[in-house]
Amino acid sequence: MADIPLSKVRNIGIIAHIDAGKTTTTERILFYAGVIHKMGTVDEGNATTDWMELEQERGITITSANTTCFWRDCKVNIIDTPGHVDFTVEVERSLKVLDGAVVVLCATSGVQPQTETVWRQADRYSVPRITFINKMDRLGVNFDNVLDQMYDRLGANAAAIYFPVGSEDNFSDIVDIVNQQLIVYEDDQGMKFKLQEVPADLKERLAKYRKTLIEKIAEVDDVLMEKFLEEKEPTVDEIRQAIRRAVLKGVFVPVLCGASLRNRGVQMVLDAVADYLPSPIDVPPVKGTTPKTGEVVTRQASDSEKLVALTFKIAMDQYVGKLFFTRIYSGKIVSGTQIYNSSQQVREKISKIVLMHANKQEIVSQVGAGEIVALVGLKETKSGDTLCDESAPIILESTRVPEPVVSMSLEPLTKADQDKMGLTLKKFLDEDPSFRCRYDKETGETIVSGMGELHLEIIIERMKREFGLETKVGRPQVAYKETIKQKVTGVTGKHISQSGGRGQYGHVIIDVEPQEEKGKGVVFVDKIKGGAIPREFIKPVEEGIRTAALTGILGGYPVDDIIVTLVDGSYHDVDSSELAFQLAAKNALYDALRKGHSIFLEPIMDVEVVAPEQFMGTIVGDLNTRRAKIAEMGNRGMLKTTRCEVPLAEMFNYAGAIRSLSQGRATFSMEPAFYAEVPAFVAEKIQGKTKKA
């Protein structure tokens, strides 16, 4: 592997709403960087990073793909991520390990719901980013409107560093605002272009964009602010340095433009990646905790430091087995040596290190800080585990995994497939942390849960194609939850039994209240004083509470958003045991749920519909029958848009419904927003269904 200084390494992700053009942009990046010699397209199913057969057939990205290219003097490690909300965990775990991101926006659709989601994900991990407004050749484009949406919907301090000349079919060239030059393309492949002076008819527009750019950067950069206040014109180098400083601090987003499918503007994206996005040494040192003391420690990005790496993804390969995608923050990994998994507290042997180019592998003998590679040979490691030097153990924060919202039952077609299904599901569980699986003892069914219908559909299709496993699939079910409406205090739970010999005695008193901050699950608080319950029984009490919370009292759904406080209890010197206190705690929680008026919670989706005006009235009427709350209506070029919040239970098979309502001319997107109380008439139906089941 070429010895490239860390300052010249860029670890970036391409992130966006579905159909904004991420994969097409990545394909052009690889072409202009010389990695591939023929550009593929999503429509033809031959894009490099959409290597999976299902991706090629459906024209969507399902799994994030890693690849590497070189531009100017920089090495650029790229992760092309999915845009569909059902695969949002792929974006989440990619952003966790990346130093920078390119956000792709559609010049027609602008900031869409999933754009907001990936933007928030990037905010969560403090990932500096640049934005590429793509598809400037499409009908109904509006460059300035997309910029306004970035301010209004994303709250981004953003300004253009390039602007388009012409739009739709007349889109031809691009103006470089920083260098004040016109970029004129001379061939269809976008390989040849020349720099010219900006013509007189564009100078007023250039002056306007340049003024806005300098003002936006001056707001967040003291050096440029001085120049601005002194009314001195900054030099090109001063503007570029100020942009870089502001991007690295995460307080400014430069905006570029182009049309990837027409091979326009992609080289400028690569230039901006090299000039403005951070290297591994430009981002703060990675933070972790020591396993024994919990003390916070940091590691600098350097080969000479002790090893720290995070396994952020596991994928199956038909030839080498499991591939463990790993970001190395400090130190080195050498093939054939042992490393320490501090999360599982086991030693692991690295049999092979590979650099990934989509689904192709390049074997290397060792890798250092700042690299993203795949490791082969690990046995106990799971997604989110930390790999480190055993002499200096450290645990990094794992990736946040969203809760599944849709479930369905799976049943093997033959008895022989029963064991095969268990092994196959385990492989998918290892690979995808947002996929869940459980066995329902009452119905004898295997229940799988995921982020949406498409997510589960893809997994079932992959089971069939990759493992030859045919299954009978039940109808999709909503992942409801239960919670309480009011606080209850002094709820007693007892478990006392005597059947000859040693008995069982456990006695707890708990308070249970709803949580104000939603989505935090079950919080357990220990307020035992004076040894009313010995310390060794506190943990079993918590385990009993958490076990009971897995199945509520209304329909057997998980209990969420409650605080359980253990306030008192008693024990017996001889008869008390861990099991007795577990059972007493379970009894107490079930009683508290009854007294606290337990209710159902349902997932609410953020839905955006885009349609011609003549169909919007019918579509809104249909949405109202689906219990939708209209939040916003607007225009997008010649089309009308509606944003609303709709219960997931009402949105199954909506794709077919909206096609028939709009003669196939409307589109929609949706993503999980929050959980809300289920109306009484719906709650009765849910309880009726669970009782029948």
Side-chain angles (χ1 to χ4, degrees), residues 10-18 20 22 64 77-105 111-131 149-158 220 246-253 277-278 280 282-289 296 298 301 308 310-313 325 327 329 343 372 383-386 395-405 432-434 451 515 517-521 561 603-606 671-675:
R10 302 286 184 271
N11 292 312
I12 67 162
I14 313 288
I15 60 175
H17 185 95
I18 191 169
K22 295 178 307 303
S64 55
N77 295 318
I78 302 170
I79 299 182
D80 176 30
T81 64
H84 199 287
V85 65
D86 283 22
F87 310 108
T88 190
V89 73
E90 291 283 335
V91 185
E92 187 83 29
R93 57 188 179 183
S94 297
L95 285 171
K96 169 77 177 166
V97 299
L98 291 169
D99 301 323
V102 178
V103 183
V104 182
L105 299 179
V111 174
Q112 296 168 276
Q114 185 65 5
T115 315
E116 295 181 43
T117 300
V118 298
W119 195 271
R120 287 194 300 268
Q121 287 172 309
D123 281 342
R124 187 181 301 125
Y125 296 112
S126 303
V127 177
R129 66 215 82 149
I130 62 176
T131 297
Q149 287 182 15
M150 289 185 67
Y151 310 141
D152 298 339
R153 293 190 184 179
L154 304 177
N157 180 35
V220 293
V247 171
L248 295 187
K249 285 192 286 186
V251 292
F252 177 70
V253 181
L277 288 181
D282 292 320
V283 296
V286 66
K287 279 184 182 178
T289 55
V296 176
T298 59
V308 176
L310 183 75
T311 298
F312 64 94
K313 174 180 171 178
F325 287 81
R327 163 70 194 262
Y329 290 100
S343 303
I372 295 175
S383 181
D385 283 0
T386 304
I395 296 178
L396 305 179
E397 184 188 13
S398 191
T399 312
R400 175 184 170 273
V401 179
E403 284 294 313
V405 294
D432 184 352
S434 65
M451 297 306 298
Q515 276 196 69
E517 192 177 352
K518 303 303 179 189
K520 294 289 184 183
D561 296 335
I604 305 296
M605 311 302 284
D606 184 352
E671 61 174 52
F674 53 89
Y675 270 79

Query raised in the report: Could you give the distance from NZ (K22) to CD1 (I79), rounded to the nearest 0.5 Å?
Result: 14.0 Å
Query raised in the report: Minimum heavy-atom separation for V104 to A16, with atom names?
Result: O-CB, 3.0 Å
Query raised in the report: If you round to the nearest 0.5 Å, how far is CG of N77 from CG of N11?
Result: 4.5 Å
Query raised in the report: When you measure from the side chain of T386 to the backbone N and O of S343, does any donor-acceptor pair fall under 3.5 Å?
Result: no
Requested in this report: Please confirm whether the backbone N or O of F312 pairs with a side-chain atom of S383, one donor and one acceptor, at under 3.5 Å?
Outcome: yes
Query raised in the report: Hey, is NZ on K249 packed in by over 12 heavy atoms from elsewhere, all under 6.0 Å?
Result: yes
Report summary line: Closest heavy-atom pair, P280 versus A301, reported as atoms and distance to 0.1 Å, is O-CB, 3.7 Å
Report task. Begin with the C-alpha distance, continue with both residues' side-chain angles, and end with the deciding distance and a verdict on side chain to side chain contact (heavy atoms under 4.5 Å, CB included) for V308 and L396. Result -> CA-CA 9 Å; V308 176; L396 305 179; 3.6 Å; yes
Query raised in the report: Does any non-hydrogen side-chain atom of D282 lie less than 4.5 Å from one of D99?
Result: no
Report summary line: Nearest heavy-atom contact between Y151 and A158 is CE2-O, 3.0 Å
Query raised in the report: E92 side chain to Q121 main-chain N or O, any donor-acceptor pair under 3.5 Å?
Result: no
Query - Candidate pair L310 and K96, rule side chain to side chain contact (heavy atoms under 4.5 Å, CB included), full reasoning - result: CA-CA 10 Å; L310 183 75; K96 169 77 177 166; 3.9 Å; yes
Query - Any donor-acceptor N/O pair, T81 side chain to I14 backbone, under 3.5 Å - result: yes
**Report entry** For the student: nearest non-hydrogen atoms of R93 and P433, plus distance
**Finding:** NH1-CD, 3.1 Å
Report task. Over all heavy atoms of both residues, which pair between V97 and Y329 is shortest? Give the atoms and the distance, please. Result -> CA-OH, 3.6 Å
Query - Backbone of H17 reached by a side-chain donor or acceptor of Q112 within 3.5 Å - result: no
Report task. Kindly give the heavy-atom pair with the smallest separation between R327 and I372, and that separation in Å. Result -> CD-CG1, 3.7 Å
Report summary line: Output for pair (T311 OG1, F325 CZ), nearest 0.5 Å, gives 11.0 Å
Requested in this report: Please round to the nearest 0.5 Å and tell me the distance separating atom CG of L154 and atom CD of Q149.
Outcome: 8.5 Å
Query raised in the report: Could you give the distance from CE (M150) to CG (L105), rounded to the nearest 0.5 Å?
Result: 6.0 Å
Query raised in the report: So, are R129 and D123 salt-bridged, with charged N and O less than 4.0 Å apart?
Result: yes
Query - Distance in Å, I15 CD1 paired with L98 CG, rounded so as to fall on 0.5 Å steps - result: 9.0 Å
